[in-house]
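This report concerns only the one structure given below.
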Amino acid sequence: ALPTNATEFAATIKSAAPAENAASLYRELPPSIRSLKDVQPTDISLPRNPSSKNLAFAQHLLGRASGLLRIIDQAASRPRCWFDRNWSDGMAVLLPEYADMKAACRLLALRGSVAAAEGNATEALKNAREILTVAKHAGEEGTAISALIAEAIYMIELRELADWSFLHPEQGAYRKALEDVFSAQPRPNLRRENRDQLFMELSVVDLSLTAQGRAKLGLREEDPRPGDNLLPLLFSQPKARIALVKAGRAYWAALKLPADARPEAISKATMQQNTALLAFPVAARLFSQLGGGIDLAENRENDWEVRRTEYTAVLRALANGRVARSIDSADLRSPYTGKPLTYTYDGKKIVITIDSSNPSRPMELTIPPKEMKHEAQKP
């Protein structure tokens with residue numbers, strides 16, 4: 001059944017015993033972990049240029065983050081992650097842990113790249129396994145944001161293993177790990193990822209009706225806008241709430257339809273939702289500002305397929321312990337246009353290009369990646 005309140009929604013998330021739960025450790029990570037700006041650029045530049053200077057700077061960054069890494073290592077040693085949130089606040093519930101977990105994986109990736117540059121494949125792969133664990137932890141709540149963060153962390157993992165496989169083809173363990181992680185990445189489950197949408201929408205409605213609720217949503221009390229007082233008189237709020245539930249259930253049912261039949265059903269459900277929200281003008285405005293009404297499911301499966309297709313090409317290119325000059329890509333097609341991806345290798349880098357949801361901007365995967373501009377400080 002589709003949850004309509006906090007109790008029903010919380011019941012869809014599996015609990016965890018304290019001894020196996022990593023949530024408290026992620027909550028120990030300070031917000032400063034998100035501001036470690038040199039970590040990702042250094043991780044990208046090190047494989048391209050593993051000079052003693054770059055290696056020393058990377059080791060310096062890791063030394064500064066040693067306390068953070070101890071917490072991350074502990075979290076990654078636990079099999080589960082249950083944040084046990086107070087879902088009664090609905091859309092007002094904060095989710096700071098996800099940004100912290102992603103930043104944590106950037107640190108693990110850098111530590112792995114240092115180990116790979118030093119020829120220590122065992123240590124590099126240990127960090128890769130920790131990243132994989134954090135990805136699984138991030139995906140446990142199973143909401144859209146949870147699934148997207150988990151997928152972003154999987155992509156950090158795939159990128160690292162692809163770079164190490166490319167730069168150290170003599171280490172077959174890197175490619176084997178790349179293949180294993182590629183196979184383990186879960187497919188999007190649209191109904192599970194969007195099971196909170198109706199509950200969140202109803203929570204915005206409820207919170208918008210009181211000053212305390214509006215404050216939780218970050219809305220400043222201002223003079224009413226035109227329609228804020230009139231529209232609720234023209235539309236029955238109890239009936240509108242019932243209509244919202246029906247629209248939410250129709251949207252959720254639409255996600256089970258075949259991809260070609262889904263857009264029309266989603267469009268109809270969205271129109272029903274928008275009509276019902278007229279009875280709650282403040283909620284309608286808030287819902288829009290908070291990202292409501294954006295169909296996260298629209299390109300979800302196709303975007304996932306694009307990335308899968310890219311890394312299928314990477315695995316083919318690295319299949320024989322060396323980088324292939326060309327690969328058979330006739331079957332590696334964009335789900336958006338049906339055109340095969342393009343693969344090039346100039347002796348220094350792989351470039352894979354595939355059509356995306358934006359007709360004028362295809363996706364491009366470069367291995368090793370293009371360097372990011374940053375000013376590395378001296379250790």
Side-chain angles (χ1 to χ4, degrees), residues 1-27 75 78-102 133-154 184-207 213 216-217 241-257 262 265-266 269-270 272-273 283 287 290-298 300-301 304:
L2 186 62
T4 59
N5 58 53
T7 301
E8 291 173 354
F9 178 68
T12 68
I13 302 172
K14 186 179 177 181
S15 63
E20 64 178 10
N21 191 4
S24 61
L25 290 163
Y26 291 123
R27 283 175 167 156
R78 297 187 180 181
R80 295 290 319 291
C81 184
W82 176 49
F83 287 110
D84 191 18
R85 305 186 195 279
N86 178 16
W87 291 108
S88 62
D89 283 340
M91 187 70 89
V93 172
L94 300 179
L95 310 171
E97 301 88 358
Y98 288 134
D100 298 342
M101 293 165 84
K102 189 174 178 182
T133 298
V134 179
K136 291 177 179 177
H137 286 169
E140 285 208 36
E141 283 183 338
T143 60
I145 184 64
S146 166
L148 290 171
I149 291 295
E151 190 167 296
I153 293 173
Y154 269 104
Q185 187 180 9
R187 285 182 171 273
N189 183 333
L190 296 183
R191 278 164 66 86
R192 175 165 171 75
E193 291 176 12
N194 289 276
R195 75 194 189 286
D196 65 329
Q197 184 162 312
L198 174 58
F199 156 54
M200 290 296 180
E201 185 174 321
L202 292 174
S203 80
V204 171
V205 167
D206 292 338
L207 289 167
K216 284 184 178 181
L217 290 168
R241 188 180 178 88
I242 293 171
L244 280 175
V245 173
K246 289 181 177 179
R249 287 174 176 164
Y251 175 83
W252 201 56
L255 297 178
K256 199 174 183 179
L257 296 174
R262 202 179 298 150
I266 287 177
T270 301
Q272 292 172 341
Q273 167 200 285
F287 193 59
L290 293 168
I294 298 174
D295 186 8
L296 296 176
E298 181 180 3
R300 179 80 173 95
E301 292 173 317
W304 187 86

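Here the structure is a predicted model, which means the values were calculated and not measured. Numbers here are sequence positions counted from 1.
Annotation: side chain of V245 is in contact with side chain of L202 (closest heavy-atom distance under 4.5 Å). In this structure the side chain of R300 reaches within 4.5 angstrom of the side chain of L148, judged on heavy atoms. The side-chain heavy atoms of D196 and W87, taken from C-beta on, include no pair separated by under 4.5 Å. Inter-residue side-chain proximity for F83 and E140 is flagged as unmet; no heavy-atom pair is nearer than 4.5 Å.
With T143 contributing its side chain and E193 its backbone, the two residues share no donor-acceptor pair below 3.5 Å. At distances below 3.5 Å, at least one donor-acceptor pair connects side-chain atoms of R80 with backbone N or O atoms of K14. Within the 3.5 Å criterion, the main-chain N or O of M91 finds a donor-acceptor partner in the side chain of S203. Side-chain atoms of W252 come within 3.5 Å of backbone N or O of R191 as a donor-acceptor pair. In terms of modelled atom types and a separation under 3.5 Å, the side chain of N5 and the main chain of E8 share a donor-acceptor contact. In this structure, Q273 contributes its side chain and A247 its backbone to no donor-acceptor pair below 3.5 Å.
Pairing each heavy atom of L2 with each of G248, the nearest pair is CD2-O, 3.6 Å. V204 approaches A283 most closely through the heavy-atom pair CG1-O, 3.7 Å. Nearest approach of Q272 to A250, heavy atoms of both residues: OE1-CB, 4.1 Å. Closest approach of L94 and R85 over heavy atoms only: O-NH1, 3.6 Å. Taking each heavy atom of D89 and L207 in turn, the nearest pair found is O-CD1, 3.4 Å. In terms of heavy-atom proximity, T12 sits nearest to R192 at O-NH1, 3.7 Å.
Taking CG of L244 as the reference point, atom CZ of R249 lies at 12.0 Å (rounded to 0.5 Å). Rounded to the nearest 0.5 angstrom, E97 CD and C81 SG are separated by 8.0 Å. Expressed to the nearest 0.5 Å, how far CG of L25 lies from CE of M101 amounts to 11.0 Å. Expressed to the nearest 0.5 Å, how far CZ of F9 lies from CE of M200 amounts to 5.5 Å. Remark: W304 CH2 to Y154 OH distance equals 10.5 Å, nearest 0.5 Å. T7 OG1 to F199 CZ: the interatomic distance, rounded to the nearest 0.5 Å, is 8.5 Å.
Between the side chains of Y98 and E141, at least one donor N or O sits under 3.5 Å from an acceptor N or O.
Applying the side-chain contact (heavy atoms from CB on, under 4.5 Å) rule to A22 yields the partners Y26, A75, R78, H137; only residues at least two apart in sequence or on another chain are considered. Annotation: side-chain contact (heavy atoms from CB on, under 4.5 Å) contacts of A253 (sequence neighbours excluded): none.
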Which is it for E301 and R187 under the side chain to side chain contact (heavy atoms under 4.5 Å, CB included) test, yes or no, and what are the steps along the way? CA-CA 8 Å; E301 292 173 317; R187 285 182 171 273; over 6 Å; no

